[in-house]
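For the numbers below, each heavy atom of this structure counts, side chains included, while hydrogens, waters and symmetry mates do not.
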Amino acid sequence: MPRTIIYREALKEGLDEELAHDENVVIIGEEVAEYNGAYKVTEGLWDKWGDKRVVDAPISEAGFIGMGIGASMLGIRPVMELMFYSFAYVAFDQMMNNAATCRYMSGGLINVPIVVRGPANGGTNVGATHSHTPENIFANMPGLKVVSPSTPADAKGLIKTSIRDNDPVYFMESTVLYGMKGEVPSNDEVEGGDFLIPLGSAEVKREGSDVSLIAHGRAVITALEAAEELEAKHDIKAEVVDLRSIRPLDETTILESVRKTHRAVYIEENKPFCGVGAQISSLLMERAFDDLDAPVLRITSWDAPAFYSPPVEEVQIPRPDDIVKKTLTIC
Amino acid sequence: MPRTIIYREALKEGLDEELAHDENVVIIGEEVAEYNGAYKVTEGLWDKWGDKRVVDAPISEAGFIGMGIGASMLGIRPVMELMFYSFAYVAFDQMMNNAATCRYMSGGLINVPIVVRGPANGGTNVGATHSHTPENIFANMPGLKVVSPSTPADAKGLIKTSIRDNDPVYFMESTVLYGMKGEVPSNDEVEGGDFLIPLGSAEVKREGSDVSLIAHGRAVITALEAAEELEAKHDIKAEVVDLRSIRPLDETTILESVRKTHRAVYIEENKPFCGVGAQISSLLMERAFDDLDAPVLRITSWDAPAFYSPPVEEVQIPRPDDIVKKTLTIC
Amino acid sequence: MAAATASNALSPFADAPINASLTAEDKIEILRKMVRIRLFETTSLREYQGGNMGGFLHLYIGQESVAVGSISLLGKNDHVITAYRDHAHALAVGMGMNECMAELFGKATGCSKGKGGSMHYFAPDKNYWGGHGIVGGQTPLGAGLAYALKYQGKKGCCLCYLGDGAINQGAFHESLNLAELWDLPVVYIIENNGYSMGTSQKRSSAHPEEGLAARAEGYGMAWDKFDGTSVYEVRAGVQKAVERAHEESRPSLLEIMTYRYEGHSVADANKEKYRTKDEIQKQKNEKDPIEFWKATLADEGIITEEDVKTINKEARKEANAAAEFAHNSPYPEPSAILEDVYWEVDNNTPAGRSGRHFFYP
Amino acid sequence: MAAATASNALSPFADAPINASLTAEDKIEILRKMVRIRLFETTSLREYQGGNMGGFLHLYIGQESVAVGSISLLGKNDHVITAYRDHAHALAVGMGMNECMAELFGKATGCSKGKGGSMHYFAPDKNYWGGHGIVGGQTPLGAGLAYALKYQGKKGCCLCYLGDGAINQGAFHESLNLAELWDLPVVYIIENNGYSMGTSQKRSSAHPEEGLAARAEGYGMAWDKFDGTSVYEVRAGVQKAVERAHEESRPSLLEIMTYRYEGHSVADANKEKYRTKDEIQKQKNEKDPIEFWKATLADEGIITEEDVKTINKEARKEANAAAEFAHNSPYPEPSAILEDVYWEVDNNTPAGRSGRHFFYP
Ligand SMILES: Cc1ncc(C[n+]2csc(CCOP(=O)(O)OP(=O)(O)O)c2C)c(N)n1
Ligand SMILES: Cc1ncc(C[n+]2csc(CCOP(=O)(O)OP(=O)(O)O)c2C)c(N)n1
Ligand SMILES: [Mg+2]
Ligand SMILES: [Mg+2]
């Protein structure tokens, strides 16, 4: 029967099921085992699966992620946790070169079935060093896949698919969403008994006819709130499109929505310059030019490193009101 | 009097003059001193300036770039050479966090006057690991500046300005351009006796009225060739706009050009997803929507890691012909 | 108990020249600093629990002798840089409780104008270069500060602190090689409190019998390891490295054994799971650096119970006043978000006015 | 000269069990491998100068005994990974000259279909995992291959090669800690040819008297250092580490002294500036691993001048044939650019067909 669980639980269910599904799946990261995870995503998994399947790593991201990449070449399916995705920056070469190019440089003889997951978000007042949102950066590199779920159901369905995917998948979560409730089908409801959501498929999270609010990650939730207000206060029916997977990208769903609404706003918590919104805007420029009744607008975080001060950081990151205001300029 | 020198020489002149201009300028990098530089950009500088001013570093990019960032906080002005800009990936955390955020996180008490320079290009058959073009990646981070000169004159004028700039500047060159000839004013021709080109100022490298070919780095040269062919064979007058500096960005010059030509194509050697062209396309979308007679098109490298095979890599990177073909679809 | 620890205090370290030269006032000032640090942190903990702060709060309680003892050795050309557990070093170099507390509250009056938070304190005017959130990320910067001193011909050094878990970051090793290869006057101090978050040293770091600092041998670098309970021992041990830096422009790697009483951060729900209550209590009873120093000074007849009470009272008063100050300070204006990103923009130079620097809003 | 070196060859290493067990055929095969490698590379140099290749060409000439000697010890569950100076290891594990030469030419028949080039050879079917261009970047992968073996309960190991300059990359140190902490069956082999490009070991690496491999002590890891001239010595030394990996699942760090005759890459214009002609000549005269091995086998009465000539002739023929093969092979089609990026796309799976994977053209 349908259940309401939180995002963190949904992720853990997905991880637990994949540990059961394939003995080559191993979870490695800082504090993921005995400590139950800095954000408790892996809570209980070490107790259940033991030292071999859930492994605490030293603070050596380049070392253990590179190690996971090497192990994956021999058939292990490491699921790496970055306590914060910001820490990918000390492992950047391993993640951009070894994970993304070994297949290519070997003429297809190798593949790297690794998942690197963790929270990639601001908004929790941990300062600039801990608030990076590199989805655009990793999605720039061919050979990599980037996923960013906004709901518990997507979190579970996408993490399971990502672990089964035979290419490197960088899975970006949000600490702000970990406690969020949502319906997640239980396995007896889904055929095959496995709740899998394919990468490369966006979802219309809210139907609408006047404007398309396109987003990924937590910004989808913000966009949904804005859509409610737009309808209630301004009688504007906004459609909300959630990319879910940034690369591969479901351009069809995006284009269908915009060809229906003729207006679009892209919302993300990333910094603006060369953000995901820029890519989507250029996509609509090239493929929906004549369908657009107004310019595609973009909303991002204010263009500065993350501000610590709680009330100020709240302003720095897109709020429903920012979306409403900007949307009204084109509706 | 005007002189014709090559790009590499122009860079060296700029470095040499800044070593003379400020005793706190120090050049640090692998093989920059006794070896005269892997690509000879620093040739002769060690002989002239000695061990203190031109320093050979071990293969520890995170270590010595981080060291340079620390030294810059105390007033040193390190000019770091990355033998290939691809190696920035092992120093990524230092370059994205310590260089970009210390000023912010200290409330403006610190500044980091460092330059990290080196070739960021494909096209020389060195394979995927050595052919990264991260200008979009670094320009995404507020606090950083990204420069990409396409001619000897720009190389000299911009490196000098970058070294005098009090913020971190990432200066991306091209091994393909090192041997390129061009006119560079000698100091006696310029007022103040210093040939400086401000960051944040684009240059129209070729006047035209029918379409704007906007580009940065070596792609500017490719665009100029395409423009010649467009005029000769198709009587299309293409204007070529060279960003020169990607961040800060001279939007005025870009918008003026497009408001004149009503058509634009962005050309770069970077990968497409969230590339600089996406940012420029979204800029034109937001600020020139009604001036556009056709969608802004983008040309980038083929979306795969760099291919080693010489004749194939040549196809992978934008060629004049690719630009001509694409431009004809909107003219 | 005091008596017991006091006797241990009559250690050779008391006679080390660098300690012998301390006046009674100096010693009392050291006590005052440690007490002020502890009360600043207990107060910040109270305010955190009162919901007045966001993010993390990493407390240094139990380790005070390390920061205070080592920083008490420094002169005008000596510099300090550390990780995110940075409150003690900030107060030790002379930053005020007000700006430090206000920073935790995210107020405009904070040392970083509310932009850095607990992990990112800075005071360049006091030779204090942060406060860094990325584990190990500060270690190349520490080499760089030393590089600058050497480049400018100044006789000084940089104390660069890191945790026992941070030694497994590659950047640290690259820094060790550079420091030894180029004779940089940097002193790396591993504050070994036995754990990196919930992971014991044993589970995170492979090392020889001699300890973590022995990794210096791979670089032919001088190293030492000693207990951090006694300020005397800390000063005696660190002074050797400071002299090596000042006189020979040579680096050192020091490992100082210490302990944190609180969790990794205030959010650490497992602080009594990965280690026992008893382990913590034993430390408090036998190796508390403040109690130890108090006993030492009492032993030396330098302070009375009265003096201690006064020092505590004043420090508590100061900490509460700082909380008051923080409460009453204004939050930054949103307009501040786009300030302090670029020096050229902030100073409205031609460079700062050339081209677009900010792309949203 | 041969005589001179031959006598050195009568070293205790010849009697090491692992060497005593070698048949005459085995020993001749080792010679053949080394000769084939050298002729492959001299031929590739000729073809490079003939303008038939792009990019870099890093030659291993002078170091052959290290790759051939160590790889001659491996069994079916043992794996190999190295840096960009990777031709010798490729041929040593059994890759053919044809696909290796064709790769240099950038031909579709190359081992990586022309996508990797000289620095990026791979042959997973021969347990050969590259060929890596980023200095030190392969070292965590080496730990990972060993991790996989251990995870799957296979008795094997991974030989992970790196240069003397690569030891200053942080990722290598993180790998050492992980390998020792988790008892991974990996053998790190520093091929110490004395230089990283134009920089001597002295100018790039701080280290103790004992050498670079002594950095292992900081991790409590077993290490050894020995000369690479004699295949016997290489095999004896590496075998100890391989056994440690096989029997105890423990890592090792080895430093093998060797020398490259050519420049860092063919493009190295300074190859006789940062070191003297004499230094190079002396190495060639006294420590050439192939001459040394020939003399050894002659000494043992295993080969005659005739045999040597034949081996040379066959190898030269094979190398020329490989060049021929490369010349006559087709270049890849541009359509190949978008192949081998994603496994799911290449295999046309539902995942590979879901959403857009490529954004230009
Ligand atoms: C590169 C990086 N990885 C992980 C973290 C998360 N993290 C912050 S502190 C910490 C533990 C550090 O322990 P230690 O170095 O012993 O310092 P201590 O907290 O004990 O003072 C971890 C894992 C981080 N901030 N940076
Ligand atoms: C991270 C990184 N930095 C720099 C380079 C450029 N580079 C390639 S090889 C090399 C020298 C390496 O020397 P060593 O490790 O001794 O290996 P050898 O060439 O002697 O076999 C350098 C600096 C690189 N490929 N990767
Ligand atoms: Mg610790
Ligand atoms: Mg070498």
Review point. Given the rule in the side chain to side chain contact (heavy atoms under 4.5 Å, CB included) test, do L74(A) and Y151(D) qualify, once you have shown the distances and angles that lead to the verdict?
Key: CA-CA 10 Å; L74(A) 274 178; Y151(D) 189 92; over 6 Å; no
Review point. Where on E61(A) is there a heavy atom nearer than 4.5 Å to chain D: the side chain, the backbone, both, or neither?
Key: backbone
Point to revise | Closest non-hydrogen atom pair between S354(D) and S201(A), with its separation | key: OG-N, 4.2 Å
Review point. Among G200(A), G107(A), G66(A), which residue forms the greatest number of heavy-atom pairs with chain D at distances under 4.5 Å?
Key: G107(A)
Exercise for review: Check whether E103(D) gets within reach of chain A through its side chain, its backbone, both or neither, counting any heavy atom under 4.5 Å.
Suggested key: neither
Study note, to complete from the structure: Scanning both residues in full, the closest heavy-atom pair of W182(D) with P58(A) reads CZ2-CD, 3.8 Å
Review point. Pick from N177(D), I337(D), T349(D): which one has the most heavy-atom pairs with chain A under 4.5 Å?
Key: I337(D)
Point to revise | Exercise: identify the closest heavy-atom pair between D340(D) and R103(A) | key: O-CG, 3.2 Å
Point to revise | Structural part of A146(D) lying under 4.5 Å from a heavy atom of chain A | key: neither
Check your understanding: Checking N166(A) against chain D: side chain, backbone, both or neither under 4.5 Å from a heavy atom?
Key -> both
Revision key, fill the gap. Residue from E23(A), K52(A), M73(A) scoring the most non-hydrogen pairs under 4.5 Å with chain D is K52(A)
Study note, to complete from the structure: Bottom line for A143(D): the part with an atom under 4.5 Å from chain A's heavy atoms is both
Review point. Going through the distances and angles, do E344(D) and N111(A) end up as a side chain to side chain contact (heavy atoms under 4.5 Å, CB included)?
Key: CA-CA 10 Å; E344(D) 301 288 355; N111(A) 67 305; over 6 Å; no
Exercise for review: State, yes or no, whether a side-chain contact exists between I76(A) and Q152(D) at a heavy-atom distance under 4.5 Å.
Suggested key: yes
Study note, to complete from the structure: Most heavy-atom pairs under 4.5 Å with chain D, out of I59(A), N24(A), V112(A), belong to N24(A)
Exercise for review: Examine whether an atom of L184(D) lies under 4.5 Å from a heavy atom of chain A, and if so say whether it belongs to the side chain, the backbone or both; otherwise answer neither.
Suggested key: side chain
Check your understanding: Where is the tightest heavy-atom contact between G143(A) and Y342(D), given as atom of each residue plus distance?
Key -> N-OH, 3.1 Å
Check your understanding: With chain D, which of T252(A), I110(A), T253(A), T161(A) has the greatest number of heavy-atom pairs at distances under 4.5 Å?
Key -> I110(A)
Check your understanding: Any idea which of I65(A), V55(A), D165(A), L199(A) has the most non-hydrogen atom pairs under 4.5 angstrom with chain D?
Key -> D165(A)
Exercise for review: Take atom CD of E333(D) as the centre, draw a 6.0 Å sphere, and report whether it contains more than 12 heavy atoms from other residues, nucleotides or ligands.
Suggested key: no
Review point. Taking all non-hydrogen atoms of both residues, which atom of S106(A) and which atom of S112(D) are closest, and how far apart?
Key: CA-OG, 3.5 Å
Point to revise | Residue-level interface, residues 87-102 of chain A with chain D, non-hydrogen cut-off under 4.5 Å | key: D93(A), Q94(A), N97(A), N98(A), C102(A)
Exercise for review: Keeping the roles fixed (side chain from R247(A), backbone from H357(D)), state whether a donor-acceptor pair exists under 3.5 Å.
Suggested key: yes
Review point. So which of L149(D), L178(D), L181(D) has the biggest tally of heavy-atom pairs under 4.5 Å with chain A?
Key: L178(D)
Review point. Hey, which of P78(A), A202(A), A71(A), G75(A) has the most heavy atom pairs under 4.5 Å with chain D?
Key: A71(A)
Exercise for review: Tabulate, in ascending numerical order, the residues of residues 114-134 of chain D having at least one heavy atom closer than 4.5 Å to a heavy atom of chain A, or enter 'none'.
Suggested key: K115(D), G116(D), H120(D), F122(D), P124(D), W129(D), H132(D), I134(D)
Check your understanding: Which bit of I254(A) is near chain D, if near means a heavy-atom gap under 4.5 Å: side chain, backbone, both or neither?
Key -> neither
**Study point:** OG1 on T139(D) to CE on M67(A), rounded to 0.5 Å
**Key:** 12.5 Å
Revision key, fill the gap. When the 4.5 angstrom heavy-atom criterion is applied to I81(D) and chain A, the contacting part is neither
